[in-house]
Every structure is written in C-alpha cells, then in structure tokens.
Amino acid sequence: MRKLALSLTVLAFLVGSTFNLHAGSLAGVTLPDTQQLGGKTLVLNGMGIRTKFMVKVYVAGLYLEQKSSDANAIIKADTPKQIVMKFVHGASKSQMTDAFDEGFRNNSPDAVKTMKAQIDQLLNALDAVKTGDEMVFTYVPGTGSSLAINGQNKVTIADPAFGPVLFSVWLGPKPPNEGLKKGMLGQ
C-alpha cells in the first residue's frame, strides 16, 4: 500500500512538473501554453510586461491559433485571439480608462470618432484592479470582442470592426510601451 501511495505521489509530481515546463513565465506570472476558445486551441504567442514610470503594472500574454510576429497581420486577422493580463500592481478605474483611452487615440485615431459608442462601452466596463487580478480580452469571429475581469464577463461588443481597434491598443504603432508589444509578439 505504501509503495502504491509513493508511486502515485511521484507520478503526480512528474505530471505536474511536465505541465509547469509547458507554460510561459515573466516577472513571477505564469501563463499556460495553450487556451481553449470556442472549440479551438490557441497557443501562447508571447508575453510582455507593461510598465509605467518604471513600475511594473501587468504581464500580458497574447494567444493566437498560430504563432506570429507580424503585428499588422494579427490585428487584421478575423481569427480567434485573446490577451490575458495579470496585474502585478493595482490601478484605479480612472487610471484604467485613461490608459485605454490613450491607447485608442494613439493607435486608432479614426476609430475614436467612428466607433465612439463601442469604445465607450468598453471604457464603462473597466473596473479598478488590484495585484493578482486578471483581465481577459477575447475576439471570436461571429461573436465579437469581450472583456472578462476575474472570470466575470463585463461586456461583449458584437461589431466585428471593433476587434482590430481593440487589439491595436497593444499591437499598434504606439503601444503602451515597446517592450510589452515585442514580448507579446515573441520577439
């Protein structure tokens, strides 16, 4: 009986260790290598860290059907994609909305006018975050773009044109910081 228990313990350790080897890790945040989304498997493309005034704010992982380092192709692709943000520093609702508003203005200035209603929907759904919180932005063709905070769906924006606008916040020409974009692109 003892040998069986010991064998099962060793097996559980080995299986657990194997799973840990297949995950991405950055600044103490670990993300799984894959995510299931709408019956498809997305792979972790890369991870980056958002800093503001030298403070680490969050670690973000980009999940795609196939790895890519082409930001424009990722933004434009009408395929499932997901960004998982794990916060390593808290931020108020106002800080969150200001950061996203700036991201939209910097990367999709035309959309700020033409998609004001959709951008406002997203900004209104944002909440204050604390260390350890998770935000997940998901785009699924035919469904739209959604935001979940700590596993709770906050908003889904059905307009397919909003997906590229949303993902341009991180992958556009003026990301929150260059290291974040490069990391998410696996560079």
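Residue numbers count from 1 along this sequence.
To the nearest 0.5 angstrom, Asp127 atom CG is 7.0 Å from Met135 atom CE. Met96 contributes atom CE, which lies 12.5 Å from atom CG of Asp101 (distance to the nearest 0.5 angstrom). Atoms CD1 and CG, on Ile74 and Leu185 in that order, are 5.0 Å from each other to the nearest 0.5 Å. Separation of atoms CE (Met85) and CZ (Arg50) is listed at 9.0 Å; rounding is to 0.5 Å. To the nearest 0.5 Å, atoms NZ (Lys67) and CG (Leu62) are separated by 10.0 Å. Taken to the nearest 0.5 Å, the CD1 atom of Ile119 stands 7.0 Å off from the CG atom of Leu123.
In this structure the side chain of Tyr139 reaches within 4.5 angstrom of the side chain of Asp78, judged on heavy atoms. Side-chain atoms of Asn153 and Ser146, non-hydrogen and from C-beta on, do get closer than 4.5 Å to each other. The shortest distance between side-chain heavy atoms of Leu64 and Thr79 does not fall below 4.5 Å. For the pair Leu31 and Leu26, the minimum side-chain heavy-atom distance is 4.5 Å or more. No side-chain heavy atom of Tyr63 sits under 4.5 Å from any side-chain heavy atom of Ile83.
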Donor-acceptor pairs under 3.5 Å, side chain of residues 36-47 to any protein atom, not counting sequence neighbours: which ones?
from	atom 1	to	atom 2	distance (Å)
Gln36	OE1	Thr41	OG1	3.3
Gln36	NE2	Thr41	OG1	2.8
Lys40	NZ	Glu65	OE2	3.3
Asn45	OD1	Ser68	N	2.7
Asn45	ND2	Ser68	O	2.8
Asn45	ND2	Met184	O	2.9

Kindly list each side-chain donor-acceptor pair under 3.5 angstrom involving residues 157-169, sequence neighbours excluded, with atom names and distances?
from	atom 1	to	atom 2	distance (Å)
Asp159	OD1	Ala161	N	2.9
Asp159	OD2	Gln118	NE2	2.8
Ser168	OG	Ser108	OG	2.8
Ser168	OG	Val165	O	2.6

Would you list the atom pairs, donor with acceptor, under 3.5 Å between side chains in residues 172-183 and any protein atom, with sequence neighbours excluded?
from	atom 1	to	atom 2	distance (Å)
Asn177	OD1	Thr51	N	3.1
Asn177	ND2	Ile49	O	3.1
Lys181	NZ	Leu171	O	3.4
Lys181	NZ	Gly172	O	2.9

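Taking the six-membered ring wherever Trp is involved, the centroid distance between the rings of Trp170 and Phe100 falls below 6.0 Å.
When atom types are taken as modelled, the side chain of Lys86 and the backbone of Thr131 share no donor-acceptor pair closer than 3.5 angstrom. Between the side chain of Gln95 and the main chain of Ser92, a donor-acceptor pair closer than 3.5 Å is present.
Between the side chains of Tyr58 and Asp133, not a single donor N or O lies within less than 3.5 Å of an accepting N or O.
Taking hydrophobic clusters as Ile, Leu, Val, Met, Phe, Trp and Tyr residues chained together by side-chain heavy-atom distances below 4.5 Å, Val140 shares a cluster with Val84. Clustering ILVMFWY residues whenever any of their side-chain heavy atoms sit less than 4.5 angstrom apart, transitively, puts Phe104 in the very cluster that holds Leu126. By the rule that hydrophobic residues join a cluster once side-chain heavy atoms approach within less than 4.5 Å of another member, Val29 and Phe137 end up as members of separate clusters.
Crowding of Lys56 atom NZ: a count of heavy atoms from other residues, nucleotides or ligands under 6.0 Å not exceeding 12.
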